[in-house]
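See below for the structure under consideration.
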Amino acid sequence: MPRHQRNDQASGGSQRQLRVGELIRHELAEMLARGDIHDPVIQAHMITVPEVRMSPDLRLATIYVMPLGGRDVEAVIGALDRNKRYVRGEIAKRVNLKFAPEIRFRVDERFDEAERIEKLLRTPAVQRDLDGEKDE
């Protein structure tokens with residue numbers, strides 16, 4: 001495997017994948033902010049789009065979303081899936097690509113992971129270890 005491909009995969013994708021993913025993320029965030037997607041579930045929630053990962057051939061976009069506060073995650077993902085065709089068409093119009101990428105929505109679990117780590121850091125055992133380092 002050529003050296004540059006390994007570096008690209010380690011950093012989350014090639015420069016082109018990252019750029020296209022960011023363009024799609026911005027367009028979807030704008031659509032959500034303006035209320036372009038007419039679905040009662042989507043309009044009832046503030047939805048963040050922290051990341052879009054593109055496949056190497058740019059034909060698949062995995063869009064990570066999280067409703068504000070983490071409420072009704074499954075309902076929001078379901079509503080986005082129901083409107084996937086419209087979203088794909090709008091992205092095709094707004095982002096100049098040879099092919100409109102297939103879209104799939106996933107829950108962004110970074111917030112849950114950060115909360116889990118924060119809880120671990122607050123446990124008595126970790127606090128004891130940290131206090132022991134301060135004494136030295």
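Note that the structure is predicted; figures quoted are calculated from it, not measured. All heavy atoms count here, side chains included; hydrogens, waters and symmetry mates do not.
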Open item on the list: Using a 3.5 Å distance criterion without hydrogens, assess whether the side chain of Asn83 forms a donor-acceptor pair with backbone atoms of Ala79.
Closed with: yes

TODO: Begin from the C-alpha positions of Glu22 and His26 and carry the test side-chain hydrogen bond (donor to acceptor under 3.5 Å, both in side chains) through to its verdict.
DONE: CA-CA 6 Å; Glu22 196 61 16; His26 279 280; 3.2 Å; yes

TODO: Take His45 and Asp72 through the test side-chain contact (heavy atoms from CB on, under 4.5 Å) and record every step on the way to the result.
DONE: CA-CA 9 Å; His45 291 85; Asp72 305 327; 2.8 Å; yes

Task: Spatial distance of atom CG (Asp81) from atom CG (Asp39) [nearest 0.5 Å] - done: 11.0 Å

Task: Closest contact, heavy atoms only, Val65 versus Pro50 - done: CA-CD, 4.2 Å

Task: Nearest-0.5 Å distance that lies between atom CD in Glu27 and atom CD1 in Ile91 - done: 8.0 Å

TODO: Measure the CZ-CZ distance between Arg85 and Arg82 for me, rounded to the nearest 0.5 Å.
DONE: 16.0 Å

Task: Expected output: side-chain Arg59 to main-chain Phe99 donor-acceptor under 3.5 Å - done: no

TODO: Please check if atom CZ in Arg34 has more than 12 non-hydrogen atoms from other residues, nucleotides or ligands closer than 6.0 Å.
DONE: yes

Task: Flag side-chain contact, heavy atom, 4.5 Å: Ile47 against Leu68 - done: no

TODO: Measure the CD1-CD1 distance between Ile63 and Ile77 for me, rounded to the nearest 0.5 Å.
DONE: 10.0 Å

TODO: Give a yes or no on whether Arg16 atom CZ has more than 12 heavy-atom contacts from other residues, nucleotides or ligands under 6.0 Å away.
DONE: no

- [ ] Taking atom types as modelled, find out whether Thr62 and Arg104 have a side-chain donor-acceptor pair closer than 3.5 angstrom.
- [x] yes

- [ ] Tell me, yes or no, whether the heavy-atom count around Asp57 atom CG, taken from other residues, nucleotides or ligands under 6.0 Å, exceeds 12.
- [x] yes

Task: Value rounded to 0.5 Å, distance of CG in Leu32 from CE in Met46 - done: 9.5 Å

TODO: Taking all heavy atoms of Gly35 and all of His38, pick out the closest pair and write down the distance.
DONE: O-CE1, 3.6 Å

Task: Arg94 side chain near Met31 side chain, heavy-atom distance below 4.5 Å - done: yes

Task: side-chain contact (heavy atoms from CB on, under 4.5 Å) between Val87 and Leu28, worked out - done: CA-CA 8 Å; Val87 171; Leu28 180 59; 3.9 Å; yes

Open item on the list: So, taking the atom named CG in Asn96 and the one named CG in Leu23, what distance separates them when rounded to the nearest 0.5 Å?
Closed with: 10.0 Å

TODO: Kindly give the heavy-atom pair with the smallest separation between Ile24 and Ala61, and that separation in Å.
DONE: CD1-CB, 4.4 Å

Open item on the list: Less than 4.5 Å apart, side chain to side chain, heavy atoms only: is that true for Pro101 and Leu58?
Closed with: no

TODO: Show your working on side-chain contact (heavy atoms from CB on, under 4.5 Å) between Val107 and Tyr64 and close with a plain yes or no.
DONE: CA-CA 5 Å; Val107 177; Tyr64 292 89; over 6 Å; no

Task: With sequence neighbours excluded, residues passing salt bridge (charged side-chain N to carboxylate O under 4.0 Å, His left out) with Glu51 - done: Arg53, Arg110

Task: Gln17 side chain to Met54 backbone, donor-acceptor under 3.5 Å - done: yes

Task: pair Ile37-Tyr86: side-chain heavy atoms closer than 4.5 Å - done: yes

